[in-house]
Number of protein chains: 2
Amino acid sequence: MESRLTIGQLAKSTETKAVTIRYYERARLMSPATRTAGGYRLYTARERDRLIFIKHARQLGLSLEDVKALLGLADDEEAPCDRVDEIIHVQLARVRERLKHLRQLEQELDRLERCCHGDKIADCQIIESLSRAHGP
Amino acid sequence: MESRLTIGQLAKSTETKAVTIRYYERARLMSPATRTAGGYRLYTARERDRLIFIKHARQLGLSLEDVKALLGLADDEEAPCDRVDEIIHVQLARVRERLKHLRQLEQELDRLERCCHGDKIADCQIIESLSRAHGP
DNA sequence: GCTTGACCCTATAGCCACTAGAACCTTCAT
DNA sequence: ATGAAGGTTCTAGTGGCTATAGGGTCAAGC
């Protein structure tokens, strides 16, 4: 029983938006869907799986470029998976980089939040602090 | 001794780029600079301070919109600084939100990185894992 | 005065990953 | 037959710059 989904059904069942799915088609992450006589897109379970793959990879913060690469790799069962490892590895490094940065931000913002004891701008330590060139 | 800076000198002395400074002018964060007869922008120390303020606020991850608001507030010495506090507070909350998210990403990517023991795509646990709908 | 080369100007388009809106067409239940 | 819900394409916008093209200006040295 191949029940085919309209774009709206696919969207709902994967928690994506229809516009996004169309965007993925234009961006060549999804291949062009088959159409009804009236031009509506119809999707198979396979295509749904592919969209889930994309979604999952996106949730890991991977760029569409990376996702495209992974999809290409996933299609070739015999290829070595070094490249897959590398993509994940690079992404992990990026995430750790951003974590480091965000943790610094958090500290600085926290410090700023605590330091405001004025009630007028003239006494506001936050404005004061932003006005000077700074060390952390 | 009012030594005025060209845009390039201002850029260098604040570690910004000239294009960015022009962009800030168009975006109304910097007011239009005075010009030489030939049309070159010239900046005063005051304007340099303003740019440093912007830069610092941007480094805290604030949007240009927020920075614009802060600049407006900073100009009114008598105004109460509740709004300043709020901007910083909201930003801190955003940063903490993103930290939470990134920490989850880190875990998931780390798990993926460890789990790949195949050498062909067919056995690759990463691809495998991306293919299914997931819980963390 | 003239040339050189570093610097500056504007305007336009591109980046990423969507999102919004307009104007129209299809499907399906009643 | 009608009307609502959902689909279609197309264009333009988001943020915060960055890149490129095609020119003009400035200061120093000759």
Side-chain angles (χ1 to χ4, degrees), chain A residues 3-30 32-43 47 50-51 53-71 87 90-91 94-95 98 101 105, chain B residues 3-30 32-43 47 50-51 53-71 87 90-91 94-95 98 101 105:
Chain A
S3 75
R4 289 165 166 265
L5 304 169
T6 64
I7 198 168
Q9 290 164 341
L10 176 60
K12 191 169 287 179
S13 82
T14 55
E15 294 175 294
T16 321
K17 291 180 184 170
V19 277
T20 304
I21 299 172
R22 283 191 285 257
Y23 173 76
Y24 287 164
E25 184 178 313
R26 278 220 324 286
R28 304 184 156 281
L29 278 101
M30 299 288 283
T34 55
R35 305 283 187 123
T36 66
Y40 280 27
R41 288 172 178 81
L42 289 179
Y43 295 93
E47 286 167 304
R50 191 175 172 97
L51 183 56
F53 185 109
I54 295 171
K55 241 217 138 189
H56 193 174
R58 288 289 298 139
Q59 279 165 354
L60 293 176
L62 293 166
S63 68
L64 291 190
E65 204 52 44
D66 281 344
V67 178
K68 213 187 287 190
L70 284 175
L71 283 165
I87 289 172
V90 167
Q91 179 62 10
R94 266 198 297 252
V95 165
R98 289 180 58 202
H101 183 216
L105 276 194
Chain B
S3 76
R4 289 165 168 266
L5 303 169
T6 65
I7 198 168
Q9 290 164 340
L10 177 60
K12 190 170 286 181
S13 83
T14 56
E15 294 176 294
T16 321
K17 291 179 184 172
V19 275
T20 303
I21 299 173
R22 283 191 287 256
Y23 174 76
Y24 287 163
E25 184 178 312
R26 278 220 326 285
R28 304 183 154 283
L29 278 101
M30 299 288 284
T34 54
R35 305 282 187 124
T36 65
Y40 280 28
R41 287 173 181 81
L42 289 179
Y43 294 94
E47 286 166 303
R50 192 175 173 95
L51 183 55
F53 184 107
I54 295 170
K55 240 215 139 191
H56 192 173
R58 288 289 298 140
Q59 280 165 354
L60 293 176
L62 293 166
S63 68
L64 291 190
E65 204 53 42
D66 281 345
V67 177
K68 212 186 286 189
L70 284 176
L71 283 165
I87 288 172
V90 167
Q91 179 63 9
R94 264 198 296 252
V95 165
R98 289 180 59 201
H101 183 216
L105 276 194

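Order of the sequence lines sets the chain letters (A, B, ...), proteins ahead of strands, with each chain counted from 1. Fair warning: this is a prediction, and the values are worked out from it, not measured in the lab. Worth knowing before you read on, the calculation uses all heavy atoms, side chains too, and leaves out hydrogens, waters and symmetry mates.
Partners of A:S63 under the side-chain hydrogen bond (donor to acceptor under 3.5 Å, both in side chains) rule, at least two apart in sequence or in another chain, do not exist in this structure. Residues satisfying the side chain to side chain contact (heavy atoms under 4.5 Å, CB included) test with A:R26, not counting sequence neighbours, are A:Y23. Every residue meeting the side chain to side chain contact (heavy atoms under 4.5 Å, CB included) condition with A:K17, not counting sequence neighbours, appears here in chain and number order: A:V19, A:T20.
A donor-acceptor distance shorter than 3.5 angstrom exists from the side chain of B:Q91 to the backbone of B:G61, with no hydrogens or angles considered.
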TODO: Apply the test side chain to side chain contact (heavy atoms under 4.5 Å, CB included) to residues B:M30 and B:L51: give CA-CA distance (whole Å), side-chain angles for both, the deciding distance (0.1 Å), then the verdict.
DONE: CA-CA 7 Å; B:M30 299 288 284; B:L51 183 55; 4.1 Å; yes

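For A:R41 and A:T36, the side-chain atoms include no donor-acceptor pair closer than 3.5 Å.
Of the residues near DNA chain C, B:R41 and A:Y40, the one whose nearest nucleotide (by heavy atom distance) lies more toward the 5' end is B:R41. Each of B:E65 and B:A37 lies near DNA chain D, and the nucleotide nearest B:E65 is the one positioned closer to the 5' end. Both A:G38 and B:Y43 lie near DNA chain C, and the one whose nearest nucleotide falls closer to the 5' end is B:Y43. Comparing B:G39 and B:L64 against DNA chain D, the residue whose closest nucleotide sits nearer the 5' end is B:L64.
The outermost nucleotides of DNA chain D lying under 4.0 Å from heavy atoms of chain A, listed 5' to 3', are D:dG6 to D:dT9. Where DNA chain C meets chain B (any atom under 4.0 Å from a heavy atom), the bounding nucleotides read 5' to 3' are C:dC7 to C:dT10.
In the region residues 13-27 of chain B, proximity to DNA chain C at under 4.0 angstrom, judged on heavy atoms, holds for B:R22.
Residues A:L64 and A:Y24 share a closest heavy-atom pair of CD2-CE2, 3.9 Å. Residues B:K55 and B:T14 approach most closely at CD-O, 3.3 Å, considering heavy atoms.
Using a 4.0 Å cut-off between a side-chain N of Lys or Arg and a carboxylate O of Asp or Glu, A:D66 and A:R58 do not qualify as a salt bridge.
When B:V90, B:I54, B:V67 are each tested for a side chain to side chain contact (heavy atoms under 4.5 Å, CB included) with B:L62, only one passes: B:V67.
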